[in-house]
Number of protein chains: 2
Amino acid sequence: MNSLTVGKLAKIVGINLETVRYYERIGLLPKPERTESGYRLYGNKDVKRLLFIAKAKELGFTLKEIKELLNLKIESKGTCGDVKKIAMNKISDIENKIKDLTRIKNVLQKLIAHCINEEITTDDCPILEAIEMDFNKE
Amino acid sequence: MNSLTVGKLAKIVGINLETVRYYERIGLLPKPERTESGYRLYGNKDVKRLLFIAKAKELGFTLKEIKELLNLKIESKGTCGDVKKIAMNKISDIENKIKDLTRIKNVLQKLIAHCINEEITTDDCPILEAIEMDFNKE
DNA sequence: ATAAGCACCGTAGTATGGTACGGAGTCAAG
DNA sequence: CTTGACTCCGTACCATACTACGGTGCTTAT
């Protein structure tokens, strides 16, 4: 089950081997089993965890925030009530992100929609002001 | 109209004054007007631009990517067709981000939903495995 | 008219998130 | 039984995105 060396794990997930060690150092990855000779041994759980980390990073979460997200399921002291509170905060953060992304997306779509004549230079593309016009309405 | 000094601009937007200068250096903010004595003068457009930058950063865009987004409306060579292509790519990036965020949100909501007994310690909270279970489907 | 409070500039330092290096030990194939 | 690929570890270096510093000049309120 836990049969992946650090190099293989890194390759599967598509990250640098040194990054895996780095994540371990900062406590983002749990300390893995070791072989007799001291080699790290990883399993499926680690693959999933690293994939989660990669996604969450792309979404603008810092490693610290990702740690918090992951600790929501690992944290062993405190009650479900605590987890609930933290999770609810995370959810509202996420909802705000989705709202902002949607807004940017809408502006880009409007921009495309108005670029009907493909040969007009962008200088004359009237929608290029859309970002400013739209972005700050709630 | 353009009546803000760099310090006032920074205060309005809620960022460090040095950051404004930094953004100018890397070309993320246009070079502003100057007073006779060389003081920078900013206007409303700059406020909006900085607010956009701040949002986009939170959403996981790098400064380089933000520059690209902003250049979609500033770029003066190339056709609307080019803008369209770039914008469409950005839209699909954004859609992916929204998908991933939604997935994480769903997991968190499930986690909350199953935390009915507020006094059970998190060790026993059965949903704490949800992140792993859910995250990698589609 | 003078001192407090900004702004100017270049340069240096910091935090985060990696990435590389190098000398030594381990493993697996020929 | 050795050679090549992989691992170990600590440390050093890197890019990105700021943030601070410090000497000097401007501006404004008393």
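All values below were derived from every heavy atom in this structure, side-chain atoms included, with hydrogens, water molecules and symmetry-related copies excluded.
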Discussion item. Check the phosphate of dT27(D) against S37(B), side-chain N and O only, distance under 4.0 Å to OP1 or OP2. Yes or no?
Written reply: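 Yes, such a contact exists.
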Worksheet item: Taking only N and O in the side chain of T5(A), is any of them less than 4.0 Å away from OP1 or OP2 of dT7(D)?
Response: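 For T5(A), the contact criterion (side-chain N or O under 4.0 Å from OP1 or OP2 of dT7(D)) is met.
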Worksheet item: Do E95(B) and K105(A) pass the salt bridge (Lys or Arg N to Asp or Glu O under 4.0 Å) test, and can you show the C-alpha distance, the side-chain angles, and the key distance before you say yes or no?
Response: CA-CA 8 Å; E95(B) 281 172 346; K105(A) 186 183 140 186; 3.2 Å; yes
Check: protein-nucleotides 17-20 of chain C nitrogen or oxygen pairs below 3.5 Å:
unit_1	atom_1	unit_2	atom_2	d
dG17(C)	OP1	L63(A)	N	3.1
dG18(C)	OP1	K57(A)	NZ	2.7
dG18(C)	OP2	Y23(A)	OH	2.6
dT19(C)	OP2	T19(A)	OG1	2.9
dA20(C)	OP2	N16(A)	ND2	3.1

Rounded to whole angstrom units, what separation is found between the [atom1] atom of [X] and the [atom2] atom of [N]?
X      : N       : atom1 : atom2 : value
I66(A) : dT16(C) : CD1   : P     : 14 Å
L17(A) : dG10(D) : CG    : C1'   : 15 Å
Y39(B) : dC6(C)  : OH    : P     : 11 Å
R34(B) : dG25(D) : CZ    : P     : 17 Å
L41(A) : dC8(D)  : CG    : C1'   : 13 Å
E65(B) : dA15(D) : CD    : P     : 18 Å
R40(B) : dC26(D) : CZ    : C1'   : 14 Å
L29(B) : dA17(D) : CG    : C1'   : 14 Å

Discussion item. Heavy atoms only, 4.0 Å cut-off, all strands: where does T35(A) land among base, sugar-phosphate and nothing?
Written reply: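 Nothing, no nucleic acid heavy atom in range.
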Are [X] and [Y] connected, step by step, through hydrophobic side chains (Ile, Leu, Val, Met, Phe, Trp, Tyr) whose heavy atoms are closer than 4.5 Å?
X      : Y      : result
L9(A)  : I15(A) : yes
I12(A) : Y23(A) : yes
L17(B) : L41(B) : no

Discussion item. For D100(A), is there an ion pair with R103(A) - N to carboxylate O distance below 4.0 angstrom?
Written reply: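 A salt bridge is present here (some side-chain N lies under 4.0 Å from a carboxylate O).
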Item to complete: Examine K90(A) relative to F61(A) and say whether NZ or CZ is less than 6.0 Å from the centre of the six-membered ring and inside a 45° cone about the ring axis.
Response: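 Judged by the rule, K90(A) and F61(A) form no cation-pi pair.
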Worksheet item: If we only count heavy atoms from C-beta on, is the I53(B) to L70(B) side-chain gap below 4.5 Å?
Response: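 The answer is yes; the side chains approach within 4.5 Å.
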